[in-house]
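Below: the structure, in structure tokens.
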There are 2 protein chains.
Amino acid sequence: MNVRAYHHGDLRAALVSEGMALLVERAADAVSLREVARRAGVSATAVYRHFPDKEALMTALANEGLARLAAAQHAAFEAKGGGVDGFSATGAAYVRFALANPALFRMIFAHHSPGDLTAGDTSDDAMSFLLQNARALAPPGTDPRAFALQCWSLAHGLALLMLDGHVPVDDAAIDRIVDVRAMTGGHVQPGEGFDRPGTCA
Amino acid sequence: MNVRAYHHGDLRAALVSEGMALLVERAADAVSLREVARRAGVSATAVYRHFPDKEALMTALANEGLARLAAAQHAAFEAKGGGVDGFSATGAAYVRFALANPALFRMIFAHHSPGDLTAGDTSDDAMSFLLQNARALAPPGTDPRAFALQCWSLAHGLALLMLDGHVPVDDAAIDRIVDVRAMTGGHVQPGEGFDRPGTCA
DNA sequence: CTCAAATGTTTACGGTATAAACATAACCGA
DNA sequence: TCGGTTATGTTTATACCGTAAACATTTGAG
């Protein structure tokens, strides 16, 4: 499937690029097919040669956004050297990514992704990364899948509450609220740093 | 401001009613002003005699929805006789309301509400109810506002992840994930039931 | 009874998604 | 090199949408 070099060069990539740029300025529902096409210097209906409908273009944007989100989380994890602190950092990075890319973040989750928590950890996406961490850090006797879902829900909820203006955006609060220790009552798996009370207080 | 008895009778109420009905069938962005007007048996522009624009009608729908959500939470709280179990039930009711009214739930939070966690507990809305419970149930030494925000984020995040299809909808899982004890490490305020390990596992 | 205000309708405009027909440019086999 | 098939982009058209403006009607107040 050679996408290079036809009339435009690579219109598909250009449309995704312009779409991403528009999502920085506008909310997703204020981004129109026609405007994306206009920015790419192409007629409105040219988009339909690469995407069956608007939804498909939005899905492409969502996929690109998901990749960036995952990258931000991995970077945050590595910056802390992994472990409990690294895992907490992935949660904070999740929220900060949402605040830095509101329209894109909403777009990502408004479009159904393939993976869910029931799937195995074979997929190489953010889901398996989450489950992997949950398995390592869940308090003894706790179902790692339930723990993972709690962590995800906590970060996801905080991100959206701040994004929608229901909770004041406070950078320090992000780290405080999204703290794994706050969900384990101060317990962490042995070998993953020392045991201390959750910093949430 | 006498709204009764003119040409239509009470068009404003009828528009809200038809709008709510449409939100049961369609997503919010698929509900058009014109369709609401059509259902109310009125011309498209008649809506503008009661709402300055579409956004205003949507806000009215959101307010109605917020009242219903709060009612559902209070009912769940009372059904459990209050306390920790009652508070956990409000979280579960929050998620179940979202799943039962997807479009309405999204609408509620897509429109800015007046209150946030920094405000005092003087307002008589769901926010003060949450803070009140958080104050009573937060683990010793924990900031009740931070605890409240964690609880809210957890429920909100779970609701949206299930709503968006990223997490399988599992009724039993709702109670398991949204469990206050899971966030306190098994500690509850004295006098609020016996101390036992969180049921999340 | 009259008149102004409240309410609803008609008409109009620019925007949207997208289907259909058409035009062109690139590649591919002969 | 040539000719046609296919991929790509454009033009045109349709049916919606939100909403502004002008007009019509109904209502209640004086």
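None of the values given here were measured: they were computed from a predicted structure. Reminder, nothing fancy here: chain letters follow the sequence lines and each chain counts from 1.
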Original post:
For Glu35(B) and dG18(D), what is the distance between atoms CD and C1' respectively, to the nearest whole Å?
Top reply: 14 Å
Original post:
Can you list the residues that meet the side-chain contact (heavy atoms from CB on, under 4.5 Å) rule with Arg49(A), with sequence neighbours excluded?
Top reply: none
Subject >> Nearest-Å distance for atom pair CG/P, residues Leu33(B) and dG18(D) >> reply: 5 Å
Subject >> Met58(A) CE to dT16(C) C1', straight-line distance once rounded to whole Å >> reply: 12 Å
Original post:
Parallel under 30°, tilted from 30 to 60°, perpendicular over 60°: which one fits the rings of His166(A) and Trp152(B)?
Top reply: tilted
Subject >> NZ/NE/NH1/NH2 to OD/OE distance under 4.0 Å, Arg106(A) and Asp164(B) >> reply: no
**OP:** Determine the contact category for Ser32(B): base if any of its heavy atoms lies under 4.0 Å from a base atom, sugar-phosphate if only primed atoms, P, OP1 or OP2 are that close, otherwise nothing.
**Re:** sugar-phosphate
**OP:** Give the rounded distance in Å between these two atoms: CZ of Arg34(B) and C1' of dG14(C).
**Re:** 12 Å
**OP:** Calculate the interatomic distance between Arg49(B) atom CZ and dA21(D) atom C1'; express it in whole Å.
**Re:** 10 Å
Original post:
OP1 or OP2 of dA6(C) less than 4.0 angstrom from a side-chain nitrogen or oxygen of His50(B), does that happen here?
Top reply: no
Original post:
Nearest-Å distance, OH (Tyr48(B)) to C1' (dC23(D))?
Top reply: 18 Å
Original post:
Rounding to a whole Å, what distance do you find between Leu11(B):CG and dG8(C):P?
Top reply: 5 Å
Original post:
Which residues satisfy the side chain to side chain donor-acceptor pair (under 3.5 Å) test with Glu78(B), sequence neighbours excluded?
Top reply: none
Original post:
Taking atom types as they are modelled, is there a donor-acceptor pair under 3.5 Å from the base of dT12(D) to the side chain of Thr45(A)?
Top reply: no
Subject >> d(CG, Leu57(B); P, dG18(D)) in whole Å >> reply: 10 Å
